[in-house]
**Q** 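Structure in structure tokens, see below.
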Amino acid sequence: MESTAIKLPPEAVDLTRLRGKNLTQVVDIQKLPKVLLHEHLDGGLRPRTVIELAEEQNYRGLPTRDAKDLADWFHRGAQRGNLPEYLEGFQHTTSVMQTPEAIERVAFEFIEDMYEDGVVYAEVRFAPILHIHSGLNQDEVVEAVIRGLERGQQTYGVEWGLIICAMRHLSSSLEAAELAIRWRERGVVGFDLAGGESGFPPKKHVEAFQAIERANFYITIHAGEAFGPESIWQALQYCGAHRLGHATRLRDDIQTMPDGSLKLGPLAQYILDRRIPLEMCLLSNVHTGATPTLEEHPFGKFFERGFRVSLNTDDRLMSDTSMTRETKLAAETFNLSLADLEKLSINAMKSAFAPYDDRISMIYEKIKPGFAKARS
Ligand SMILES: O=c1[nH]cnc2c1ncn2[C@@H]1O[C@H](CO)[C@@H](O)[C@H]1O
Ligand SMILES: [Zn+2]
């Protein structure tokens with residue numbers, strides 16, 4: 001009897017087998033449903049917006065008023081191979097985010113950018129204390145961000161969560177934690193510790209983390225970016241982190257054996273076993289020197305070994321990146337397949353601080369159908 005099955009053209013059959021560059025040349029990465037968990041609101045402004053906001057707020061500190069030159073200036077400044085210098089550019093972005101209108105605009109444009117980048121769910125973070133220099137209080141700052149995010153969602157349908165950052169070098173982390181808890185009914189989903197890592201161990205802020213835990217709320221901490229496994233260990237075992245930002249230097253707790261297998265130290269084993277989500281940021285790590293090159297980034301190993309990793313942008317302006325770019329780079333550098341990319345989106349969505357039911361519906365209503373469409 002003759003088969004009645006429809007014959008697919010060979011390239012359609014092969015799509016699921018493609019990897020790396022072969023994959024990124026055929027599949028439109030921008031259209032795949034992606035999830036972003038780690039992006040700084042003040043690290044993702046459009047260069048033109050920075051210039052316009054500087055004019056409106058009479059801020060004279062910008063090095064140039066040309067959008068292209070300004071973008072180059074941010075990229076150059078961020079690529080000096082260490083975190084403290086990487087962070088210098090934020091002085092300008094936070095300086096132009098001091099009025100409710102400016103802050104709301106940046107938040108709205110963030111959602112608009114996410115939509116254009118193919119991101120279906122995004123968690124964005126910032127430190128309200130850096131936005132009170134023109135007289136706003138921190139609640140007003142958070143309210144302005146939420147207004148922009150809500151307006152963006154109404155227009156573009158991108159779902160979001162907001163994370164409040166405390167800064168490692170400041171003593172106001174408890175105040176930031178209380179602020180995060182106060183706004184949880186309006187879309188704040190968690191609490192983070194950001195800023196220069198070396199010399200600022202997370203356990204100094206343990207009171208803030210305990211306040212978050214007592215409120216049954218969520219914690220992510222920048223750890224293992226500019227300091228070793230000790231910082232990651234403290235974040236988990238002193239501060240109760242539910243997720244880790246970067247965790248690049250967890251590689252120091254993992255040994256590659258002569259046969260290529262990985263021998264995990266106790267910290268790495270704990271992170272693997274407990275399914276602790278690692279918010280990995282490839283280009284940002286190259287720029288801050290957390291990894292010497294993209295090829296040597298531990299992401300590939302972590303993913304293969306089954307760690308709960310996700311791809312993230314960190315700071316789209318400083319690192320000249322997007323989710324599409326990070327995903328393409330990851331696919332090409334680590335020879336990923338479409339199934340791998342789907343797994344990364346699902347990993348991220350599973351790890352989001354959104355409620356369980358929302359995460360499930362995002363996975364089954366947006367991510368899986370989006371990838372199925374890409375395959376068909
Ligand atoms: O990669 C990073 N590591 C540590 N801190 C960062 C990174 N990117 C941005 N920030 C810091 O977080 C603040 C709130 O968004 C930013 O102002 C910047 O100082
Ligand atoms: Zn970050």
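The figures here come from the full heavy-atom set of this structure, side chains too, leaving out hydrogens, waters and symmetry mates.
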**Q** Answer yes or no: is there a donor N or O on one side and an acceptor on the other, between the side chain of H205 and the main chain of S173, under 3.5 Å?
**A** no
**Q** Among pairs that include at least one residue of residues 326-372, which meet ring-ring contact (aromatic ring centres under 6.0 Å, His included), considering only residues two or more places apart or in two chains?
**A** Y218-F353, F299-F334
**Q** Between I221 and F209, is any pair of side-chain heavy atoms under 4.5 Å apart?
**A** yes
**Q** Less than 4.5 Å apart, any side-chain heavy atom of L36 and any of E123?
**A** no
**Q** Going by salt bridge (Lys or Arg N to Asp or Glu O under 4.0 Å), name the residues that satisfy it together with R46, two or more places apart in sequence or in a different chain.
**A** E109, E112, D113
**Q** What heavy-atom pair brings R249 and F227 nearest, and what distance separates the two atoms?
**A** CD-O, 3.1 Å
**Q** Can you list every salt bridge (charged side-chain N to carboxylate O under 4.0 Å, His left out) pair that touches residues 191-204, not counting sequence neighbours?
**A** R125-D192
**Q** In terms of side-chain geometry, is the basic nitrogen of D117 or R325 positioned less than 4.0 Å from the acidic oxygen of its partner?
**A** no
**Q** Using the ring centroid of each side chain, check whether W233 and Y270 are separated by less than 6.0 Å.
**A** no
**Q** Between E52 and R105, does any side-chain N to carboxylate O distance fall below 4.0 Å?
**A** yes
**Q** Minimum heavy-atom separation for P202 and Q234, please, with both atom names.
**A** CD-OE1, 3.3 Å
**Q** With sequence neighbours left out, write down each residue that passes side-chain contact (heavy atoms from CB on, under 4.5 Å) with P128, or none if nothing qualifies.
**A** F126, Q138, V141, V142, I164, L179
**Q** Rounded at 0.5 Å granularity, tell me how far CD in E332 sits from CG in N22.
**A** 10.0 Å
**Q** Over all heavy atoms of both residues, which pair between L23 and L336 is shortest? Give the atoms and the distance, please.
**A** CD2-O, 3.5 Å
**Q** Taking only residues two or more places apart in sequence or in another chain, which ones pass side-chain contact (heavy atoms from CB on, under 4.5 Å) with N137?
**A** D139, E140
**Q** Got a sec: does the OH of Y115 have more than 12 other heavy atoms crowding it under 6.0 Å?
**A** no
**Q** Just jot down the side chain to side chain donor-acceptor pair (under 3.5 Å) partners of W160, sequence neighbours excluded, or say none.
**A** Q153
**Q** Please report the closest heavy-atom contact between A176 and A166, naming both atoms and the distance.
**A** CB-CB, 3.9 Å
**Q** Please tell me whether D66 and T64 have a donor and an acceptor in their side chains that are separated by less than 3.5 angstrom.
**A** no
**Q** Let's go through L244 and I232 carefully: what are the C-alpha distance in whole Å and the side-chain angles of both, what is the deciding distance for side chain to side chain contact (heavy atoms under 4.5 Å, CB included) to 0.1 Å, and is it a yes or a no?
**A** CA-CA 8 Å; L244 296 167; I232 300 174; 3.6 Å; yes
**Q** Which residues pass the side chain to side chain donor-acceptor pair (under 3.5 Å) test with T327, sequence neighbours left out?
**A** none
**Q** Let me see the working for S351 and E279 under side chain to side chain contact (heavy atoms under 4.5 Å, CB included), right down to the final yes or no.
**A** CA-CA 9 Å; S351 313; E279 309 156 358; over 6 Å; no
**Q** Using the rule side chain to side chain contact (heavy atoms under 4.5 Å, CB included), only one of N312, I271, L37 pairs with L278; which is it?
**A** I271
**Q** Hey, could you give me each pair passing salt bridge (charged side-chain N to carboxylate O under 4.0 Å, His left out) that has a residue in residues 285-311? Not counting sequence neighbours.
**A** none
**Q** Do Q79 and Y86 have side chains that approach each other closer than 4.5 Å (heavy atoms only, starting at C-beta)?
**A** no
**Q** So do the side chains of L149 and V145 get within less than 4.5 Å of each other, counting heavy atoms only?
**A** yes
**Q** Check side-chain contact (heavy atoms from CB on, under 4.5 Å) between A268 and all other residues, then give those that pass, not counting sequence neighbours.
**A** L250, D253, I254, L264, F307
**Q** Before we go on, tell me: are the rings of H287 and H75 under 6.0 Å apart, centre to centre?
**A** no
**Q** If we only count heavy atoms from C-beta on, is the P33 to S345 side-chain gap below 4.5 Å?
**A** no
**Q** What I want to check is whether the side chains of D358 and Y121 have a donor and an acceptor closer together than 3.5 Å.
**A** no
**Q** Give a yes or no answer on whether the side chain of S284 reaches the backbone of C281 with a donor-acceptor pair at less than 3.5 Å.
**A** no
**Q** Quick one: side chain to side chain donor-acceptor pair (under 3.5 Å) partners of Q255, sequence neighbours excluded?
**A** none
**Q** So if I apply the side chain to side chain donor-acceptor pair (under 3.5 Å) rule between T313 and each of H38, H40, E39, E326, which one comes out positive?
**A** E39
**Q** Indicate yes or no: at least one non-hydrogen side-chain atom of T220 is less than 4.5 angstrom from one of H242.
**A** no
**Q** Testing T333, T291, N285 one by one against H297 for a side chain to side chain donor-acceptor pair (under 3.5 Å), which residue passes?
**A** N285
**Q** Within the supplied structure, the quantity of interest is the number of heavy atoms (other residues, nucleotides, ligands) at a distance under 6.0 Å from Y156 OH; does it exceed 12?
**A** yes
**Q** Please examine the side chains of F74 and T93, heavy atoms only from C-beta on, and report whether any two atoms are closer than 4.5 Å.
**A** yes
**Q** Sequence neighbours left out, what passes side-chain contact (heavy atoms from CB on, under 4.5 Å) with Q98? Give chain and number order.
**A** Q57, H131, H133, S134
**Q** Identify whether the distance between the nearest side-chain nitrogen and carboxylate oxygen of R151 and E104 falls below 4.0 Å.
**A** yes
**Q** What salt bridge (charged side-chain N to carboxylate O under 4.0 Å, His left out) pairs are there with at least one residue in residues 74-102, not counting sequence neighbours?
**A** R80-E85, R80-E88
